[in-house]
J.: 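Structure provided below as structure tokens; questions to follow.
Side chains included, hydrogens not; waters and symmetry mates left out as well; all remaining heavy atoms used.
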Amino acid sequence: MRFKSLKGIQDILPPETHIWQRIEHISRDIFKKYGYKEIRLPIIEATDVFIRSIGETTDIVEKEMYTFTDKGSRSVTLRPEGTAPFVRAFVEHHLYNEPSPQKYYYLGPMYRYERPQAGRQRQFHQIGVEALGVEDSKLDAEVISMLSTLLKTIGLKDVQLEITSIGCIKCRPDYRAALKEFLRDKLNNFCDDCKRRYDINPLRILDCKVPTCIENRKGAPSVINFLCDDCKKHFEGVQRYLNLLKVPHIINPNLVRGLDYYTRTTFEVKSSSLGAQNAVAAGGRYNKLVEEFDGPPTPGIGFAIGVERVISLVKETPHEHESPDLFLCTLGHEASEKSIVLAEQLRNRGLWVEMNYDESSLRSQMRKADRIHAKNVIVLGEDELKKGKVVMKDMQGKKETKVELDAEEILKVLQKKK
RNA sequence: GUGAGUGUAGCUCAACUGGUUAGAGCAUCUGACUGUGGCUCAGAGGGUCGGGGGUUCGACUCCCCUCACUCACCCCA
């Protein structure tokens, strides 16, 4: 084969596209009730948009971005996530002047240059929301609750919501220092990856899956104990409201996010039946990000769900194939000309009409009508043209009825049957 | 970037220890006294056996290289 889609970049074909449409529909429906409006953002941005927000030393920026130089010698990047472009647009269009909270959602493809595996491709899709202008923990709980009902409505079972607070710029450095202090003398017992993480992102060590690392990090200080008063209060609020809303969740202080912009609340929805990439949705609060983009101090919180991962968890019952209302069989050139017009007239009146395009036998045309599960068939030949009446056959009941050769009449008969 | 596994028709799979024109089921298209579907029967199209090189009289089968896919590490949605 000469041409193939690129590695990790897949075509999405029917019938799978039906599942996509369903999920998108449910999402829009739920977001609307919470006051979120759709925002459509570019797929490509100045590279700096991502470096500034995601963090220079994160893996995403260091090795996973589709970055290239355009014809005007600008460094541009295919978006690896949605929050950075969103905040850029938020500031660029002064959306902070809208009544707060400002709530937006988006959906579309993201790009990360990684080795594909189960639940991970280079082009993948996210449905994300962002809510800005409110710092109160009620908003955190509302956002998380919305995510929870969204996933439930889509039909996901056996997913766990984990939350934590990673503090703010005031308290996080203290925790980081305490953690490094704790790890310093035992570092030799950790895996090579963890040794590397110690300098780059020591919090990651809390997330390592190697058994010896899990053993060795026992007794490590917990972020939660290092939260400053404000962060502590905020986190308690989140938990209180989540309980009020009856959103099942567990607190996982070892939850680590790969993007630098998060502050305070972070959360992740995991599934055990996904393989190694087990997060279906994740998000958190970002109270300093708008300022990073030279906007006014504006707190924000958001999440993104991985559409492909959600879909792999949805056990779709093989849905009924959709079927045409009518198939037109034609015999002879004149009938063929008549039917292309008739088909168009009926379609304009709202029917799904298929027709025969060549000179094949009636048997073969009937077979075709059956294969595409047409509900009704009309045979149009010389006799019918002469008499001005056609025979319409119900493909399930096998009943044949005579109908005037006229779009309105045909429409009437078909509507009566519905 | 690292490691392991897998590559034969659109799909699922065959082909004895290397042996002649690589097969089947499903799917697609066509036909079965000529204007009526689903079942049955018959037929057709569709493969450079992932690609290249080597060994051999002879390679889908053995060896080397390469590519692709899959899973895992890493990282994340």
Side-chain angles (χ1 to χ4, degrees), chain A residues 1-2 4-8 10 13 54 58-65 79-83 107-128 147 151 159 191-194 196-197 200-201 204 207-210 255-259 267-271 274-284 302-313 327 329-332 335 356 358-385 390-400:
Chain A
M1 207 175 300
R2 200 142 107 90
K4 280 187 177 173
S5 69
L6 296 173
K7 183 199 277 280
Q10 278 153 351
L13 309 171
I54 298 171
T58 58
D59 275 48
I60 294 179
V61 167
E62 275 189 338
K63 44 189 199 192
E64 295 173 4
M65 295 209 302
R79 64 182 185 193
E81 58 104 41
T83 300
L107 41 92
M110 306 292 162
Y111 301 84
R112 255 118 102 159
Y113 195 89
E114 302 176 88
R115 282 287 275 273
Q117 69 181 77
R120 189 172 80 185
Q121 39 282 129
R122 290 181 174 181
Q123 176 184 277
F124 61 100
H125 294 74
Q126 289 189 339
I127 298 176
L147 172 60
L151 295 179
V159 291
C191 69
D192 288 347
D193 284 324
C194 281
R196 194 171 46 80
R197 287 169 181 137
I200 305 164
N201 187 354
R204 269 251 114 73
D207 203 31
C208 184
K209 294 162 198 150
V210 177
L255 195 63
V256 180
R257 313 270 57 242
L259 295 81
F267 53 95
E268 194 164 301
V269 177
K270 294 179 180 173
S271 164
L274 263 183
Q277 313 302 320
N278 62 358
V280 292
F303 66 74
I305 75 177
V307 180
E308 282 85 352
R309 291 185 187 176
V310 166
I311 284 176
S312 73
L313 288 176
F327 185 92
C329 294
T330 61
L331 294 160
N356 179 58
D358 51 30
E359 300 277 314
S360 46
S361 70
L362 185 57
R363 176 196 290 275
S364 145
Q365 294 186 45
M366 286 300 287
R367 197 182 302 187
K368 164 87 84 187
D370 184 60
R371 298 235 166 118
I372 64 175
H373 307 102
K375 296 190 188 87
N376 299 280
V377 170
I378 277 179
V379 179
L380 192 48
E382 285 169 25
D383 286 358
E384 286 77 8
L385 282 174
V390 293
V391 170
M392 185 159 71
K393 181 171 188 175
D394 182 304
M395 292 299 271
Q396 273 176 342
K398 285 186 170 182
K399 270 182 219 151
E400 297 196 355

J.: Set out, in order, the CA-CA distance, both residues' side-chain angles and the distance that settles side-chain contact (heavy atoms from CB on, under 4.5 Å) for A:Gln10 and A:Gln123, then state yes or no.
T.: CA-CA 7 Å; A:Gln10 278 153 351; A:Gln123 176 184 277; over 6 Å; no

J.: Select from A:Ala279 and A:Arg115 the residue whose nearest nucleotide in RNA chain B is closer to the 5' end of that strand.
T.: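 Of the two residues, A:Arg115 wins.
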
J.: Send over the distance from A:Arg112 CZ to B:rA77 C1', rounded to a whole Å.
T.: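 So the CZ-C1' distance, A:Arg112 to B:rA77, works out to 6 Å.
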
J.: Could you let me know what B:rU2 is paired to, Watson-Crick or G-U wobble, both distances under 3.5 Å, or none if it's on its own?
T.: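 B:rU2 is paired with B:rA72.
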
J.: Which part of the nucleic acid does A:Ala369 contact within heavy-atom distance under 4.0 Å: base, sugar-phosphate only, or nothing?
T.: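 Contact class for A:Ala369: none.
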
J.: With a 4.0 Å limit, can you tell me whether A:Gln117 has a side-chain N or O closer than that to the phosphate oxygens OP1/OP2 of B:rA4?
T.: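 Indeed not, no polar side-chain atom of A:Gln117 lies that close.
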
J.: Below 4.0 angstrom from OP1 or OP2 of B:rG31, is there any side-chain N or O of A:Ser361?
T.: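 So the side chain of A:Ser361 is within the cut-off, an N or O lying under 4.0 Å from OP1 or OP2 of B:rG31.
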
J.: Can you tell me how far P of B:rU70 sits from NZ of A:Lys7, to the nearest Å?
T.: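 Checked: the NZ to P distance equals 8 Å.
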
J.: Using the C1' atom in both, what is the distance from B:rG19 to B:rU61, to the nearest Å?
T.: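 It works out to 11 Å between them.
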
J.: What is the pairing partner of B:rC26, taking Watson-Crick or G-U wobble pairs with both distances under 3.5 Å in any strand?
T.: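 WC or wobble partner is B:rG10.
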
J.: B:rC41 P sits how many Å from A:Arg363 CZ, rounded?
T.: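 Computing the A:Arg363:CZ to B:rC41:P distance gives 15 Å.
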
J.: Could you state the atom-to-atom distance from CZ of A:Arg371 to P of B:rC39 in whole Å?
T.: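 The answer, rounded to whole Å, is 8 Å.
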
J.: In whole Å, I'd like the distance from the NZ atom of A:Lys399 to the C1' atom of B:rU36.
T.: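 Between C1' of B:rU36 and NZ of A:Lys399: 18 Å.
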
J.: Here's a test of your reading of the structure: between A:Tyr113 and A:Ala282, which maps to the more 5' nucleotide of RNA chain B?
T.: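 Of the two residues, A:Tyr113 wins.
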
J.: For A:Glu359 and B:rU34, give me the distance from atom CD to atom P, rounded to whole Å.
T.: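 Going from CD in A:Glu359 over to P in B:rU34 covers 19 Å.
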
J.: Mind checking the P distance from B:rU20 to B:rA4? Whole angstroms is fine.
T.: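 About 35 Å, rounded to a whole number of Å.
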
J.: Think A:Lys368 has a side-chain N or O under 4.0 angstrom from the OP1 or OP2 of B:rG37?
T.: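 Looking at the OP1 and OP2 atoms of B:rG37, neither is under 4.0 Å from any side-chain N or O of A:Lys368.
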
J.: Could you verify whether a donor N or O on one side chain and an acceptor N or O on the other, from A:Tyr113 and A:Glu64, lie under 3.5 Å apart?
T.: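 Distance-only check fails for A:Tyr113 and A:Glu64.
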
J.: Using the C1' atom on both, measure B:rC26 against B:rA14 and round to a whole Å.
T.: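 After rounding to an integer number of Å, I get 15 Å for this pair.
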
J.: Can you check the A:Glu114 CD to B:rA77 C1' distance for me, whole Å?
T.: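 That distance rounds to 10 Å.
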
